[in-house]
Amino acid sequence: MAGTGRESGATENAGFGDLSDSEFPDFSELGDIEELGSQPGSSSGNPRKEVDPEGPWKRKREADALTPMERFHLRCLWISDLATQSWCEQQMVYGKELPDFQSAEKAAVLSAGASIHLARELELHDLVNIHTSTKEDVWAVKLLNILCMIPILQSGGTIREFPVFGEVEGVFLVGVIDELHYTSKGELELAELKTRKRPMMPLEAQKEKDRFQVSLYKCIFDAMVRGQVTSASLVHHMKLSPELLLGPQVQSHARQGGFTAKSFGDLLELTFLSLTLSDLPVIDSLKIEYSHQETDTVLGTEMVVFEEKQVRDKLRHQLKYWTGLREPQGVDVKEAWKCRMCDYAAICEWRQSGGTKTLTQEQHAKKMTK
């Protein structure tokens, strides 16, 4: 598969990285405090009262306030961000606002997980570094990878790091599926790898976050193979120019793969035509495998039951934050145990206000920039 060697500044918000977006901090050191957290008086810091999750934020944002998509200069959302949002929305927001605030330990966990994913990808694919100088080049490399993987999947083979993208509720989502393969019954299965710092399975709340992530992958992949994702949507949201000529190395790599494309629009048309004519099936089953980082030992495997209505309802609620229809929410009192491992606990306004933060988004943004 192709990777990108990018010029500085050429790919801001242009697409997505070459590695999977599946790694998250390991909360295994919490032990049994998830169960303890549901008991009265077990949370650390300020006690929180029960609140209606929609109550304080039903008001519309002020007319001149930026939406989070605008404030963070985002053209699309990572599916991994949505999964993190389901763990704690306020924590996810602080991660965007204060990217350098993350602890060294959690950064090391993420780095180790990324290395393991790269090693797994190299088991099936050779990586070719391609120089890109425009966002169209970056997306072209992703499209070429899709074009190369479609026939492998059609012939019953296994593929890894498959890019997915599509529009939901007016917001463009992107992600990377760890692995797609066929089971002994001939069903298409999505396999997601989660690496763990400690040799133990995750807490139920973290499993729930992981289930949401793979379910979103299925929603987007199924839409792609059903022809429900359009090239016009990609061009619109990512501000791409179909008429732009591809860089020399991108054109050369396309020719080596048997594809003739001079402009980004040529490659775009070819990719969507291939998806439409491929007759690839939708994903039949979802599997999450948890592995110990240090020993590469499989800790356990979980099969996920896909519940489309619940997934889409949850996604709609999350997107209301990104589109400015409500303010961010922290965890409720039953999940206050999560705060014990949060890098932002000491500065969290949701905790300090007992779950009744009153700042508007605009006020909050101004405060963070002071």
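These numbers come from the heavy atoms of this one structure, side chains and all, not from hydrogens, waters or symmetry mates.
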| Hey, which of I288, V304, L286 is the one that makes side-chain contact (heavy atoms from CB on, under 4.5 Å) with L190? | L286
| query | Are the side chains of H253 and Q249 in touch, meaning some heavy atoms are under 4.5 Å apart? | reply | no
| note | Note: L82 and F212 closest approach over all heavy atoms is O-CE2, 3.7 Å
| task | Determine, using the 4.5 Å side-chain heavy-atom cutoff (strictly less than), whether I79 and F306 are members of one ILVMFWY cluster. | result | yes
| message | Counting neighbours of CD on E269 that are heavy atoms of other residues, nucleotides or ligands and sit closer than 6.0 Å, is the number greater than 12? | response | no
| message | Can you give me the closest heavy-atom contact between F162 and I146, atom names plus distance? | response | CZ-CG2, 4.0 Å
| Nearest 0.5 Å, what's the CD-CG distance between Q85 and L315? | 9.0 Å
| request: Salt-bridge test for K287 and E289: reply yes if a basic N is under 4.0 Å from a carboxylate O, no otherwise. | output: no
| Aromatic rings F172 and H237: how do their planes relate, parallel, tilted or perpendicular, breaks at 30° and 60°? | parallel
| task | Locate the shortest heavy-atom distance separating E136 from S241; write the atom from each residue and the value. | result | OE2-N, 2.9 Å
| said: Less than 4.5 Å apart, side chain to side chain, heavy atoms only: is that true for C348 and Q352? | reply: no
| Would a 4.5 Å heavy-atom cut-off, applied to side chains only, mark F72 and W322 as touching? | yes
| query | Do V93 and Y321 come within less than 4.5 Å of each other through their side chains, counting heavy atoms only? | reply | yes
| message | Set out, in order, the CA-CA distance, both residues' side-chain angles and the distance that settles side chain to side chain contact (heavy atoms under 4.5 Å, CB included) for V311 and C219, then state yes or no. | response | CA-CA 9 Å; V311 170; C219 288; 4.2 Å; yes
| Taking C-beta and beyond as the side chain, do V331 and W337 meet within less than 4.5 Å on heavy atoms? | no
| Under 3.5 Å side-chain donor-acceptor pair for E189 and S285 | yes
| Donor-acceptor under 3.5 Å (T276 side chain, F272 main chain) | yes
| Name of the residue among T132, I130, L245 meeting side-chain contact (heavy atoms from CB on, under 4.5 Å) with D137 | T132
| CD on Q293 to OG1 on T195, rounded to 0.5 Å | 4.0 Å
| task | Please report the C-alpha distance between E97 and R71 in whole Å, then the side-chain angles of each, then the deciding distance to 0.1 Å, and finally whether the side chain to side chain contact (heavy atoms under 4.5 Å, CB included) criterion is met. | result | CA-CA 10 Å; E97 294 172 333; R71 183 154 58 93; 2.9 Å; yes
| task | Could you walk me through whether M69 and L77 pass the side chain to side chain contact (heavy atoms under 4.5 Å, CB included) test, one step at a time? | result | CA-CA 8 Å; M69 292 287 290; L77 291 179; 3.4 Å; yes
| said: For the CG atom of D266 and the OG1 atom of T271, what is their distance to the nearest 0.5 Å? | reply: 10.5 Å
| query | Where do C88 and G330 come nearest, in terms of heavy atoms and distance? | reply | SG-CA, 4.2 Å
| query | Measuring from I177:CD1 to Q213:CD, what's the distance to the nearest 0.5 Å? | reply | 10.0 Å
| request: Identify the two heavy atoms, one from F259 and one from C148, that lie closest to each other, and give their separation to 0.1 Å. | output: CE1-SG, 4.2 Å
| Do V282 and L275 belong together in a cluster built from hydrophobic side chains that touch within less than 4.5 Å? | yes
| Between D210 and K207, is the closest basic N to carboxylate O distance under 4.0 Å? | no
| said: Closer than 3.5 angstrom, by distance alone: can the side chain of E70 be matched with the main-chain N or O of T67 as a donor-acceptor pair? | reply: yes
| said: Between R211 and E204 (salt bridge meaning N to carboxylate O under 4.0 Å), is one present in this structure? | reply: yes
| request: Might you confirm whether atom CD of E208 has over 12 heavy atoms from other residues, nucleotides or ligands at distances under 6.0 Å? | output: no
| task | Go through the steps for K262 and L246 under the test side chain to side chain contact (heavy atoms under 4.5 Å, CB included), then give the verdict. | result | CA-CA 6 Å; K262 292 185 177 181; L246 298 173; over 6 Å; no
| According to a 4.5 Å side-chain heavy-atom criterion applied to Ile, Leu, Val, Met, Phe, Trp and Tyr, with indirect links allowed, do I152 and F221 form part of one hydrophobic cluster? | yes
| said: For a 4.5 angstrom cut-off between non-hydrogen side-chain atoms, does L173 reach F165? | reply: no
| task | Supply the atom-to-atom distance R160 CZ to L180 CG, rounded to the nearest 0.5 angstrom. | result | 11.0 Å
| remark: Separation between OH (Y217) and CD1 (I283), nearest 0.5 Å, reads 10.5 Å
| request: List the atom of M149, the atom of P163, and the distance in Å for their closest heavy-atom pair. | output: CE-CD, 3.7 Å
| request: Could you tell me whether the side chain of L299 reaches within less than 4.5 Å of the side chain of R196, counting heavy atoms only? | output: yes
| said: Between Y290 and P199 (side chain of the first, backbone of the second, donor and acceptor by atom type, cut-off under 3.5 Å), is there such a pair? | reply: no
| message | Please tell me whether D81 and T84 have a donor and an acceptor in their side chains that are separated by less than 3.5 angstrom. | response | no
| query | Between R326 and H317, is there a donor-acceptor pair closer than 3.5 Å when you use the side chain of the first and the backbone of the second? | reply | yes
| task | Identify whether the distance between the nearest side-chain nitrogen and carboxylate oxygen of K218 and E308 falls below 4.0 Å. | result | no
| message | Any heavy-atom pair between the side chains of L193 and E179 that's under 4.5 Å? | response | no
| Ion pair check, E302 and K194, cut-off under 4.0 Å | no
